[in-house]
Every structure is written in C-alpha cells, then in structure tokens.
Amino acid sequence: MIALGQFLEVLIGGLMSGVLYSLVALGFVLIFKASGVFNFAQGAMVLLAGLALVRSLDLLVANGFSLWAAIILGIGFAAVIMAITAWLIERFVIGPLVNQDALTLFMSTIGVTFILEGAAQMIFGSDAYPLRLFPTDAWFLFENLFPGGILVNKLDVWGGFIAGILVAGLAIFFQRTKTGRALRAVADDHLAAQSVGIPISWIWFVVWLAAGLVALVAATVWGTKLGVQFSITFLALKALPVLIIGGLTSIPGAIVGGLIVGAGEKIAEVFLGAHIGGGIEYWFAYVLALAVLLVRPQGLFGERIIERI
Amino acid sequence: MLYREAGQFKTTYAEDMAIFPIRQDRMALAILLGIAFIGVPLLADFDIWPFGSDYLLRAILLPFLILALAAIGVNILVGYCGQISLGSGAFMAIGAYSAYKLGTGVHIPLAWLGFAISIPPLPVLLSILLGGLAAAVVGILFGIPSLRIKGLYLAVATLAAQFFFDWVFLRVSWFTNYAPSGSVNAPTLDFFGLNVGTPIERYMLCLIFVTVFAVLAKNLVRGNLGRQWMAIRDMDIAAELIGIRPLYAKLTAFAVSSFIIGVAGALWAFVYLGSWEPLAFSIDRSLQLLFMVIIGGLGSIMGSFVGAAFILILPIMLNLIPTQLGVPLSTETITHLEFIIFGSLICYLLIKEPHGFARLISIGKEKLRLWPFPY
C-alpha cells in the first residue's frame, strides 16, 4: 500500500519540476506563436544564457564587486548577449528563410543549436559551473499530518513563483502592448501583417529576444538546481513532449503540459519504474506525448490544424 | 570539353531510362568502383601509402561506408518521403541488437505457458539481414503515427522511439544476454566459412553491402514507389487526390528506410565496433545522420555518400590543418569548432542550397557541359 504522504511528496516534487520544464517550453511557444518556427535551439539558448550569467558573475565577484551589484550587472550582461544572439539569428538565419516550409525552418534551428552550443562553450568555457542565486535547502511541510512530513525544495517553490510572474508578464505583453498586438498579427498572417505596415523583422527580433530572456530565467533556475553545464541543453528535449501535450501555440498549454509531464514522469518513475527496471522517466514523457498525439494531434490547448490545398 | 554528351544518341527506351545516361558518368563510376573494389585492396596488400597502415581503412573508410549506408536509409525517409525522423539512431540500435541476439541464439523462456522458444545461433549474414528486418518492423510501428501527424509532430514521435529504445537496450538485460557491464561483443564474422577479420576484409564486406544497397535504393527511388514517396513529400493531400495511398507510401518508406538503417546498424556494431554499448546509438547518432543527409543533399543517393564523407573528414581536417600550420588546437576547441562549422554549414546550405552538396555537384556538371563557352 502506497502511503498518502509519499504519494503527495512525489506529486508535489513532480509538479514543481514540471514548472521548470514549462519555463523552457514557454520559449518554444513564444517563437512558434509569432513565426511558426519550431525552435529546437531553445535548450542551447538556455545553455548560452546560463553560461553568460554564471561566468560574468564569477568574474565580477572576483574583481571585488558586491554580490548584489554583480548579480544585477551579470543578468544585464546575459540579457545583452541574448539580445545580440536574437539579432544575429533573425538577421542571418530566420530572415533569409522567410516563407520556407516549416521543416526547413526546423532544420535550420538544429543548425542554430549547434552554433550556439559550440560558440557558448568556446567563449565561456565548457566545465560545469555552480550557480547560487536561490536557496536550495528543503522544507518539511505537514510534519504532524504525515510521518516525516512532505519534503519540498525551496528552489522549486522559487521556480514556480518566477514562472507565474513570467506568464503574467507575457500575457500582459501579448494582450495589452502595441508590440504584443503586432506580434499576434504576424502570427496570424505574415503577409497581411507586413502589408499593413508591421515591420516583420523587428517583430521577429522581439520574439527571439523574449525567448532569449525566458531562456535566461530558465537558466537561472535550472542552473541553480543542476549547475550550468552542457547537459542543460537536454532540457530542450524534455520540453518537446510538454509542447506536444499542451499544444504548440498555447502559453497556458505549456504550463499545464509541463505540470502533466513533471507529475506524470515522477509518479511513473516511483510507482511503476520500480517494477520494470527504473529510469523510465527518460521516455515516459514521450510516451505520454505519443498518446496525446494519437488522440488529439493539436494538443490539449492547441489550435486545430486545418489544411487546404 | 571532356564532359559533353553531344553525339551520344539514345535509340531505345532502355537506354533513355538508364541510371547513368551519360557515358562520362558511367566511366567515372566504373573508375570509382574499380578503385574501391580493386585499387584499395591491391594498395593495401602491397603496403603502399596511405593504405599500408590500417588507420585509413579502419578509421575512415569503414565508418564512411557504413554511415553512408545509414544515410541512404535516412535519406529515403527524410529526403524522398519528407517524413522527418530524429530516431534513426534507435533503428540502428534495433538492427544491431536484433542481429546480435539472432547471431548468438535467441532463447525466450515462456515459463507460464510451459515451454520456451529457442532459436540456435544463425549465420552472420542472415542475422544482419534479419536485424534489418526487425528494424523495418519497428519502423512500420513507429511510422503508423505519421498517418495522422506530420512534420514536427512526427519528429517528436520518432524521438520517442529514440529515447524508448535507448532505455530498452540499457535496462532490459535480455537483449545484452545478461552481460553485467551492458556492453556486448559481436559474434565471429563468419560468412559461409569465410572468416572476415582483417581491416581489408571488413572493408570489402562493407563495400559489397553498400554497393548492393545503393544500387537497390537508387532503382527503388527511380521507380513507382519512389515517385509515390516524392509525391507525398511534395504535397501529401494532392498526392492522395491523384490516387496515391498515403498509408502504403508512408509505411513502405518507413519500412525500406528502417531496413537499410537497421542493416547499417548491424554492420556498425558487428564490423566497425566489434563490441559496443547502447551509447553508440544515442540521439547524437540520429542528429549526425540527419546532418549527413542535409549537408549531402536531401533526396539524393549520391548526396548520402558526400554527406557521410564530409562529416567524417571535417574533424580530421580540423585536427590536421592547424597542426600542420604550427598552431595545434586543443581537443576541446576542435569539438566546439566542429559544432560551429556544422551548424553554420547547415544554416548556410538550407538558405542557399537546400539540396546540399549533391546539387552543387550537379550544377558543376551543368557548367562543365557548356565549358569553355558558357552561352
């Protein structure tokens, strides 16, 4: 018999790490919404942002800056790096490929992935760097209710908090600002948006920048959890099933998908993996995604895909 | 003036539909095959540089041939049928492990039914081909979602195959004959009593496989089936309207492609690696195969060879040239440079020449036909 306390603990842990998957998936959704590009490079962008942040932090602290000044300057520096990356990608890769089919664009972002991974590690180093911006110790909740209490990681709570702010901010940006409206227009129809005078390359730059900043946020949280290192790029692969489950164009979908994947894979690992060999969290998310694809190809919150000749 | 087809008249349909209708192409191919089949073994036999040492055969030609074969498989699926796959590494693994199981004897204990299925070890050639067949069956299974979903969604579905089989071969010890380390050794390469052991024998074995499969694939994509695949790739709904069955076309593409990739996987494991672990067929291998196809040329058999050659030679060049120039790079820098160069090349080719090096070669041939008078 499975103890309720244990189940709750696994569930909460899973939901919390699901929030972190959502952070990566959000970057995907932003770009897909605004340009129809399936951005394989999001994981590499998380790596780049994280490396830029952690390396500049180390450098600033070593040169006698106070921790807070270093954090602000470091985040500023990483944001500038992401802005430059966004501009380069728009100018040299996505811009020239306008109006190509989705598959070509997808493959070009695989190319971008490799450039970013190579360049980031060449410039900032390729070791694992620890990042300590958030507390990483654990809380024990409801200790009087369940034996041993429920273990919750403070970092995960921070992650959830940040993700909430981020989603609220993005929602306001999309709904209320002029650029946000232009962005939705571009997403609906490139050509029509262009013909009413929306500067499409500027919009795409903004989108990639936003994705870069989301990557920076994801990098601070994930970097605190795992250290900033190459393996962080595999997050992108974890975010793919999240996207499929939530729907490619839906920001709430990314959040819900992340929660489903996070909770599902932890529960599967603990309660099912024990019987069939363990380690099933590597593929469980994909099986979930496959199941969703077969039943509802557009995902839980996605727009229905209608095709015409 | 050498490359001119004026005066080569075709008087029969058969001549008109030949794979290589131009005499110079046929000669070039004959010379190439001559070098590959006769020249290389002779040079190796007489220890003539650079074939005297095993390095070239073992570290370049052998992986080149096998990866080119796998790239042909990927190209059939991605380049000809337009079904993007990020799970090719998994199909190589299925080919490798199925061949391994069949080559060392299969034993399925069905205790609850009261009997067990036992198959004695099969000959190596048969196990390699059956390994390909197993990959084809799994390929069809994972191709079924392609009927409902396409493009990026399918890429995720094939990724599911990749991660699932990575796990299976790592954790299900039945596949590794309960090897404690998870690493397995290929059975002795025994072909009808002929033992394949030395690098040159291995090279010849792979060369025969690659030649046969390349010819088969080339003919397949030129024929009815290939045209169906290409119609599906170009516009699936329109293809359906003119009477092509998407079910049949897509699943055959998955089957043929996975079969070839599976055979390549079995060869990679048996002939190139000898002993291997699941890491040899990770997602990196899938991406590498996809790059070969993009760089070499989507929808081109020759492109698969060019892409494989390029991907193998670039790291060696990056190692060699700076060392020769007196500025040796560290291994780390080389790896990162490789990443950047591959990435840039992919982006550049997708923008400027979506059909890869193969298209560049055919542009070169077009220009040669007119040379030295461009008009």
Side-chain angles (χ1 to χ4, degrees), chain A residues 32 38 40-41 44 89 92-97 100-123 125-126 234 237 240-241 243-244 248 276-290 293-295 297-299 305 307-309, chain B residues 78 82-84 86 142 144-145 147-168 170-173 233 235-238 240-241 283 287 290-291 293-295 298 332-333 335-352 354:
Chain A
F32 192 81
F38 193 92
F40 196 77
I89 291 175
F92 291 105
V93 183
I94 301 298
L97 281 172
Q100 297 279 352
D101 61 328
L103 225 56
T104 313
L105 286 163
F106 171 66
M107 290 194 282
S108 75
T109 63
I110 298 185
V112 171
T113 309
F114 271 62
I115 299 176
L116 288 184
E117 282 172 1
Q121 294 188 76
M122 203 145 111
I123 298 169
S126 51
F234 293 115
L237 298 175
L240 289 176
L243 288 167
I244 296 290
L248 282 177
I276 59 169
I280 67 173
E281 55 178 323
Y282 292 111
W283 53 265
F284 186 76
Y286 280 90
V287 174
L288 265 183
L290 213 57
L293 270 180
L294 287 175
V295 179
Q298 72 270 35
I305 312 153
E307 277 189 87
R308 296 187 184 87
I309 292 192
Chain B
V78 182
Q83 310 292 313
I84 192 159
L86 294 174
F142 274 86
I144 289 173
L147 304 170
R148 280 203 67 173
I149 55 178
K150 57 182 83 167
L152 311 164
Y153 294 90
L154 188 64
V156 176
T158 52
L159 261 183
Q162 178 72 50
F163 285 108
F164 181 68
F165 284 104
D166 273 2
W167 177 82
V168 164
L170 196 64
R171 301 288 178 131
V172 182
S173 43
R233 168 193 69 190
M235 194 167 205
D236 49 353
I237 301 177
E240 200 175 343
L241 282 180
I283 174 123
L287 288 179
L290 193 63
F291 288 172
V293 172
I294 297 176
I295 290 178
L298 285 163
E332 225 168 57
T333 322
T335 321
H336 300 153
L337 261 183
E338 237 176 81
F339 270 52
I340 297 178
I341 292 177
F342 280 145
S344 323
L345 249 175
I346 287 167
C347 291
Y348 180 80
L349 281 174
L350 283 172
I351 293 167
K352 295 288 179 197

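Lettering follows sequence order; numbering is per chain, from 1.
Taken to the nearest 0.5 Å, the OG atom of A:S108 stands 12.0 Å off from the CG atom of B:L349. Here the SG-CD1 distance, from B:C347 to A:I89, works out to 8.5 Å after rounding to the nearest 0.5 Å.
When side chains are defined from C-beta on, B:I351 does not count as touching A:F92, because their heavy atoms never get closer than 4.5 Å. Looking at A:L294 and B:P145, their side chains come closer than 4.5 Å, going by heavy atoms from C-beta outward.
Note on A:L240, A:L237, A:V287: by heavy-atom pairs under 4.5 Å with chain B, the leading option is A:L237. Note: B:V156 leads B:I144, B:I346, B:V156 in heavy-atom pairs under 4.5 Å with chain A.
Of the two parts of B:I340, the backbone and the side chain both hold a non-hydrogen atom closer than 4.5 Å to a non-hydrogen atom of chain A. For chain A, the nearby part of B:L86 is the side chain; its heavy atoms alone come within less than 4.5 Å. If you measure heavy-atom distances from A:L105 to chain B, you find no contacts under 4.5 Å at all. When heavy atoms are compared at a cutoff of 4.5 Å, B:L287 approaches chain A solely by way of its side chain, counted from C-beta outward. With a threshold of 4.5 angstrom between heavy atoms, B:L290 approaches chain A through side-chain atoms but not through N, CA, C or O. With a threshold of 4.5 angstrom between heavy atoms, B:L350 approaches chain A through its backbone and through its side chain. For B:Y348, no part sits under 4.5 Å from any heavy atom of chain A, backbone or side chain.
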List the atom pairs, donor and acceptor, that lie under 3.5 Å between side-chain atoms in residues 110-122 of chain A and the rest of the protein, sequence neighbours left out.
residue, atom, partner, partner atom, Å
A:T113, OG1, A:T109, O, 2.6
A:Q121, NE2, A:E117, O, 3.4

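A ring-centre distance under 6.0 Å is found for A:W283 and B:F164.
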Is there a side-chain contact (heavy atoms from CB on, under 4.5 Å) between B:L298 and A:M107 once you walk through the steps? CA-CA 12 Å; B:L298 285 163; A:M107 290 194 282; 3.9 Å; yes
Let's go through B:F142 and A:L290 carefully: what are the C-alpha distance in whole Å and the side-chain angles of both, what is the deciding distance for side-chain contact (heavy atoms from CB on, under 4.5 Å) to 0.1 Å, and is it a yes or a no? CA-CA 10 Å; B:F142 274 86; A:L290 213 57; 4.3 Å; yes
